[in-house]
Amino acid sequence: MSQADATVTASPVPPRDGDPAITPEVVADHGLSPEEYERVRTVMGRDPTFTELGVFSAMWSEHCGYKNSKRLLRLLPTKAPWVIQGPGENAGVIDVGDGYALAFKIESHNHPSAVEPYQGAATGVGGILRDIFTMGARPVAVLDSLRFGDLDSGRVRYLFSGVVSGVGDYGNCVGIPNIGGEVVFDRGYEGNPIVNAMCLGLMKHEDLITAVASGDGAPLMAVGARTGRDGIHGATFASEELSEDADESSRPQVQVGDPFTEKLLLEASLELIASGAISGIQDMGAAGITSSASEMAGRGGSGVEIEMSAVPVREAGMTPYEILLSESQERMLVVAEPGQEDEVRRILEKWELEAAVIGRVTDDGKFRVLENGRVVADIPALPLTEGCPTYEREGVESEEIRALREADLGEHLIPEGDLTRSFLLLLGSPNVASKQWIYHQYDTTVRSSTAVRPGGDAGVIRIRGTNRAVAATTDCNGRLVYLEPKTGAMAAVAEAARNLVCVGAVPTAITNNLNFGNPLKAHIYHQLREAVLGMRDACEAFETPVTGGNVSLFNETDGRAIYPTPVIGMVGIIEDVSRITSNSFREAGDDILLLGANTGELGGSEYLYVTAGLVAGQPPSIDLEGERALQQAVLQMNHERLLASAHDCSQGGLASTLAECALGNGEALLGVRAEIDEELRPVVSLFGESHGRVVISCDPNNTAEVLRIARLHEVPARRIGSVTPASEGFSLTVRGGVVSAPVDRLARAFFDAIPSIMDASPTTGP
């Protein structure tokens, strides 16, 4: 039996006046199974009090304890010479050269955003910012990965507009540029929007600090905002399915953010870390004081004692249960150096914030809570973090999904001739169309370090004082994971890597956000397990270790699960900012080349969804060795300054990719004249979403050298056409098919799609 599971007889704690009795119904309401409750009793050596039950409920929830995913996550590669801090801390940290380190992480706020989209998304951004600056890094950029149902639904438009406003307002107020991400619309997310936020932070190596509570007697201090009743049991709420009437009943579990306080807390925290007055710091995120205190104690092999009456609160009459489990925003727990309490207060007062000693570090290994000196909780600390029960469940593929994958798509491959109408329909799909309506609501250049804004293959931030930059992207195609989880997850990692090399960055590491349904269902657990295995294989092939992330399970409404969506947040390093490559064509007369090969796979494509409302078929296969070779080839072409542009070919297929390259951000339109000579059906050549493809353009004088490098890396490559003036239009022909249209017609379809829906259609609130 491990130390975390060992039976420890906890000190007797009499019931607190006013607390309810512990009944099977109360236990169930706290998200614990009867077997898990018996495990709590074994750990305690007695029945827990109501306050103690709340603590176990939060720490043994899926959101904090990862009980259905921890065993799988251990399969992922996490180490490399450039990894400074891997999983287990607030954020992962890698070396990016010249003495700098990059802290980065992605987190979800799915359930809160389904109930209250503005605050759910805003506080998601706030939480991920705090994860970064508690490592000692200054946040320099955020990205977001968002998913909603189809935009023809008024409720979806309400959720979409609320989330976008929440993301934009919070980041804009704090002054952190939003440099990219992704947005997907599909009926598979109708009941549960997915809101994942990623943040990057830069620091010098010596500025790194970790969230460890050590040193018997060291003061524990709450800093930042006061504690209220918002967000109580948010961690448990995030670990259960929603129901259609969840809006009103769940709203009190949604936190309320204040970005102006967050900005002050950011500056105060970085000054605290630099002052040497503290030895540890952690965000009071999910499960509030409970998680921050117990996790810091667990990492330090110590205990903590906290006095509830000393915690600054903003509402009278709060019970220890409420104070411990509140998820009020903009709060930190710090371990001060003994004798430095006044210095901590001075720094917080400078930033117009509070700091209060609420307890101390102990050496007895207990999580002890007092109320006016009386013990109300006395729990062995290690079982809270290391003793959470973990499960390896049976996973069985759904026969329904297998049938979808094996569906005959023959009738959808027949169309030939003029396919312009289908192409314009595809280009105007919200999934392919320009996302300017979204990112024009974000400040993308604040702090003046943004080198590549949203709309490119990856966002890029310069490292001031150097020639270096860091690039980041978020990627996943949930339809492909739904149809075939392992290859779909591989494809997400591969697409992220292609996006990075297209801007000139070397893929370096990932953070992941695993968004899935209820893992207690065999077919959902099958999706989760296979996706993790696919992610493992791709990360090993690309040498991109996983430094941390988040798991969000139980994304279901009334039993209907989202598509399995393992979002990949990948970062890469650019050693010379002058080599950054654009995704849009630059000059008329440049050659257009296709790296990689079109294949005969149409399964899971946007074309099928738009033209037939269908998510079915065999998804495109993936060749990890070929993907790695493609990455190396593009990076060499970039290093030798041969490329005018490079753009990953993915959703919408080759025709949409060429249009995106020609249209750019709408400021300098160009045309295309291209021809594909191959035996495939025209629909597949034009709209298939084969992996391992990049469209590049270059000066004709460089074409021969580009083709030579492709051959050197054994990457299929061919010249398919040329960039033309916009006046010559867009023309793409394949054997038996053609798309042809004036460029301004493409521009209207591409840039007006989302604004026309959002501006013309009313939203429907909760």
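Nothing here was measured: the structure is a model prediction, and the numbers come from that model.
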**Prompt:** Would Phe148 and Phe160 count as a close aromatic pair, with their ring centres under 6.0 Å?
**Reply:**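 Centroid separation for Phe148 and Phe160: below 6.0 Å.
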
**Message:** Tell me if the centroids of the rings in Phe260 and Tyr170 come within less than 6.0 Å of each other.
**Reply:**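 Centroid distance Phe260-Tyr170: not below 6.0 Å, so no.
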
[X], [atom1] atom: more than 12 neighbouring heavy atoms under 6.0 Å:
X: Glu587; atom1: CD; value: no
X: Arg314; atom1: CZ; value: yes
X: Glu575; atom1: CD; value: no
X: Arg453; atom1: CZ; value: no

**Ser582 and Arg586: CA distance, side-chain angles, deciding distance, side chain to side chain donor-acceptor pair (under 3.5 Å) verdict** = CA-CA 8 Å; Ser582 168; Arg586 313 310 296 170; 3.1 Å; yes

**Prompt:** Taking Ile510 as the fixed residue, which of Thr547, Val567, Val571, Ile568 is the one that meets the side-chain contact (heavy atoms from CB on, under 4.5 Å) rule?
**Reply:**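 Answer after filtering Thr547, Val567, Val571, Ile568: Ile568.
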
**Asked** Do you know which two heavy atoms are closest between Arg130 and Glu330, and how far apart they sit?
**Response**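 Answer, listing the atom of Arg130 first, then Glu330: NH1-N, 3.5 Å.
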
**Message:** On a heavy-atom basis, which atom in Ala137 and which in Leu270 lie closest, and how many Å separate them?
**Reply:**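 Reported closest heavy-atom pair: O-CD2, 3.8 Å.
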
**Request:** Give the intermediate values and the outcome of salt bridge (Lys or Arg N to Asp or Glu O under 4.0 Å) for residues Lys350 and Glu271.
**Result:** CA-CA 10 Å; Lys350 170 185 172 182; Glu271 185 171 342; 3.1 Å; yes

**Request:** Show the numbers, then the answer: is there a side chain to side chain donor-acceptor pair (under 3.5 Å) between Ser552 and Asn555?
**Result:** CA-CA 7 Å; Ser552 175; Asn555 289 288; 3.1 Å; yes

Salt bridge present between [X] and [Y] (N-O < 4.0 angstrom):
X: Arg138; Y: Glu267; value: yes
X: Glu182; Y: Lys435; value: no
X: Arg187; Y: Asp150; value: no
X: Arg147; Y: Asp186; value: no
X: Lys204; Y: Asp207; value: no

**Request:** Report yes if the side chains of Asn431 and Gln651 come closer than 4.5 Å at any heavy-atom pair, otherwise no.
**Result:**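 Contact flag for Asn431/Gln651 side chains = yes.
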
**Asked** Is there a side chain to side chain donor-acceptor pair (under 3.5 Å) between Asn196 and Asn515 once you walk through the steps?
**Response** CA-CA 9 Å; Asn196 296 171; Asn515 306 277; 2.8 Å; yes

**Prompt:** Pick one: which of Asp443, Thr444, Thr445, Asp144 meets side chain to side chain donor-acceptor pair (under 3.5 Å) with Asn178?
**Reply:**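 It is Asp144; the other options fail the test.
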
**Item:** Ring geometry between Tyr563 and Tyr482 (parallel below 30°, tilted from 30 to 60°, perpendicular above 60°)
**Value:**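 Rings of Tyr482 and Tyr563: tilted, as their planes differ by 30° to 60°.
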
**Prompt:** Does Asn583 reach the main-chain N or O of Gly664 with its side chain, forming a donor-acceptor pair under 3.5 Å?
**Reply:**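 Checking the backbone N and O of Gly664 against the side chain of Asn583, no donor-acceptor pair under 3.5 Å is found.
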
